[in-house]
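In what follows, a single structure is set out as structure tokens and then discussed.
Just so it is clear: chains get the letters A, B, ... in the order the sequence lines come, proteins before strands, and each one is counted from 1. All values derive from a computational prediction rather than experimental measurement.
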2 protein chains.
Amino acid sequence: MPRDPSKTRRKLIAAADALFYNQGIRAVGVDAIALNAGVTKRTLYYHFRTKDELIAAYLDGRDQPTLGRYQALIPEAKEPAALKVQRVFEHLSKSCQDRQWRGCSFLRAAAEFANLPGHPTRLIAARHKKRFESWLENILRADGIAGAPDLARQIMILFDGAVAQILIHRDPGYASSAAAAAASLISSKRQKRKSGRSAR
Amino acid sequence: MPRDPSKTRRKLIAAADALFYNQGIRAVGVDAIALNAGVTKRTLYYHFRTKDELIAAYLDGRDQPTLGRYQALIPEAKEPAALKVQRVFEHLSKSCQDRQWRGCSFLRAAAEFANLPGHPTRLIAARHKKRFESWLENILRADGIAGAPDLARQIMILFDGAVAQILIHRDPGYASSAAAAAASLISSKRQKRKSGRSAR
DNA sequence: GTCTATATGCCGATAGAC
DNA sequence: GTCTATCGGCATATAGAC
């Protein structure tokens with residue numbers, strides 16, 4: 001009946017997204033997803049060959065929007081990298097206080113499928129984290145910071161580490177601690193700027 | 001037939017440990033655990049009222065040994081804290097290269113039960129991480145480092161962040177990056193030592 | 001493309017014998 | 001304390017009608 005053949009598909013992914021992110025992937029059955037999408041299980045299996053395929057579509061659908069929310073925080077190009085990175089941690093600090101926050105969907109998916117290195121989910125999760133790290137690296141390089149790749153890795157570690165601690169303790173304070181650590185690491189590196197008049 | 005009534009219980013926990021850590025908690029059924037322990041499901045339910053109770057026993061059984069392995073790395077009290085912390089990250093770097101390594105059981109359990117804040121698993125995971133953080137704090141304070149609580153939190157964040165990244169990318173290099181970041185943070189703090197002749 | 005109905009097996013948990 | 005046997009339900013996935 002619907003004119004757009006992909007509308008049902010999108011509804012299924014939306015239902016899967018809500019349930020998977022809230023409860024975990026293995027904890028949710030296809031019955032619940034079909035019910036939540038307002039279709040039958042048979043229709044779900046018309047649009048997705050297996051549950052794994054739906055899982056992959058769920059995670060893939062989160063890749064760009066997740067990174068995009070962080071990219072939207074820092075539209076200006078001329079700010080110091082340190083300030084931009086602080087905004088990233090501030091955003092984490094706010095969003096983790098949402099009652100619906102359940103940590104990082106990519107990390108949680110990788111944790112659920114820790115024994116399946118070739119699972120589609122693992123590839124999507126790894127790709128997403130690499131994209132995030134590369135984005136951080138670009139921010140640092142745009143500010144002429146030496147050793148941007150190493151520093152981007154360390155900030156990435158601080159970010160996911162903070163997410164993990166907040167998930168465990170339900171304490172947003174870990175976002176501030178991570179932010180302070182990132183600021184300290186960046187200011188250490190700034191003393192070794194490649195080019196730049198203010199190399200202290 | 002066995003004289004020690006708790007022997008079966010221990011076998012069940014050992015079987016659960018191997019399966020839960022390797023595959024994830026929700027991915028493993030009680031049938032598989034009973035089979036692996038060499039008893040029937042009915043016996044499992046004689047020793048544990050529910051699967052949740054077995055899960056709790058599994059995680060609880062990992063608490064002290066996990067922390068103990070790190071404590072065993074640094075028996076001497078007179079070393080600089082920075083060196084002790086490096087040993088912690090070096091141990092991670094080595095152990096994560098084991099083919100059976102699947103990241104942190106506590107973090108993965110918390111991720112699986114992200115929507116159940118009151119679940120026994122969550123309490124045990126939070127308690128373990130707090131113990132680890134307190135242990136780090138003691139190491140720092142023993143070396144007279146100012147702001148030990150904040151710094152211990154940051155090292156904790158770096159540690160779990162590295163674990164997360166390694167789990168996702170299967171790249172032990174993140175342990176080295178985290179170690180370097182920790183060293184940098186500690187050396188920044190050392191310039192503000194409480195007491196100490198070498199306060200620069 | 002979506003439906004009703006079903007296949008097949010595993011899920012956590014239990015009854016009752018010994 | 002451990003067994004055999006089984007409960008009702010839910011898991012992923014499919015057959016075939018419309």
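- Set against C:dG12, C:dT4, D:dA11, the side chain of B:Lys41 has C:dG12 as its closest nucleotide.
- Nearest nucleotide to the A:Thr8 side chain, out of C:dT2, D:dT12, D:dG1: C:dT2.
- With distances taken from any side-chain atom of B:Val30 to the nucleotides C:dG12, D:dG1, D:dC3, the minimum falls on C:dG12.
- Atom-to-atom, CD1 of B:Ile33 to C1' of C:dA13 comes out at 14 Å; the value is rounded to the nearest Å.
- The aromatic ring centres of B:Phe132 and B:Phe106 sit 6.0 Å or more apart.
- B:Tyr45 places its OH atom 17 Å from the P atom of D:dC7, with the value rounded to the nearest Å.
- For the pair A:Lys11 NZ and C:dG1 P, the computed distance is 14 Å after rounding to whole Å.
- Per the geometry, CZ belonging to A:Arg42 stands 11 Å off C1' belonging to C:dT4, to the nearest Å.
- In the set D:dT2, C:dT2, D:dA13, the nucleotide with an atom closest to the side chain of A:His47 is C:dT2.
- By the 30° and 60° cut-offs, the orientation of the rings of B:Tyr70 relative to B:His91 is perpendicular.
- Rounded to whole angstrom, the span from the CZ atom of B:Arg26 across to the C1' atom of C:dC10 amounts to 16 Å.
- Between the CD atom of A:Gln23 and the P atom of D:dC10 there is a distance of 14 Å, given to the nearest Å.
- Regarding B:Asp31, its CG atom lies at a distance of 13 Å from the C1' atom of C:dT14, rounded to whole Å.
- D:dT12 atom C1' lies 11 Å from atom CD1 of A:Ile55, rounded to whole Å.
- Closest heavy-atom contact between B:Ile25 and B:Ala109: CD1-CB, 3.9 Å.
- Between B:Tyr58 and B:Thr121, every side-chain heavy-atom pair lies at or beyond the 4.5 Å cut-off.
- Phosphate contact (OP1/OP2 of D:dT2, side-chain N/O of B:Tyr46, threshold under 4.0 Å): absent.
- In this structure, of D:dA13, C:dT2, C:dA13, it is C:dA13 that holds the atom nearest to the side chain of B:Thr50.
- The side chain of A:Val39 lies closest to C:dC3, out of D:dT12, C:dC3, C:dG12.
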- prompt: Which is it for A:Gln64 and A:Arg131 under the side-chain hydrogen bond (donor to acceptor under 3.5 Å, both in side chains) test, yes or no, and what are the steps along the way?
  reply: CA-CA 9 Å; A:Gln64 181 49 42; A:Arg131 285 188 68 206; 2.5 Å; yes
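- Two residues, A:Thr40 and B:Ile25, neighbour DNA chain C, and the one matched to the more 5' nucleotide by heavy-atom proximity is A:Thr40.
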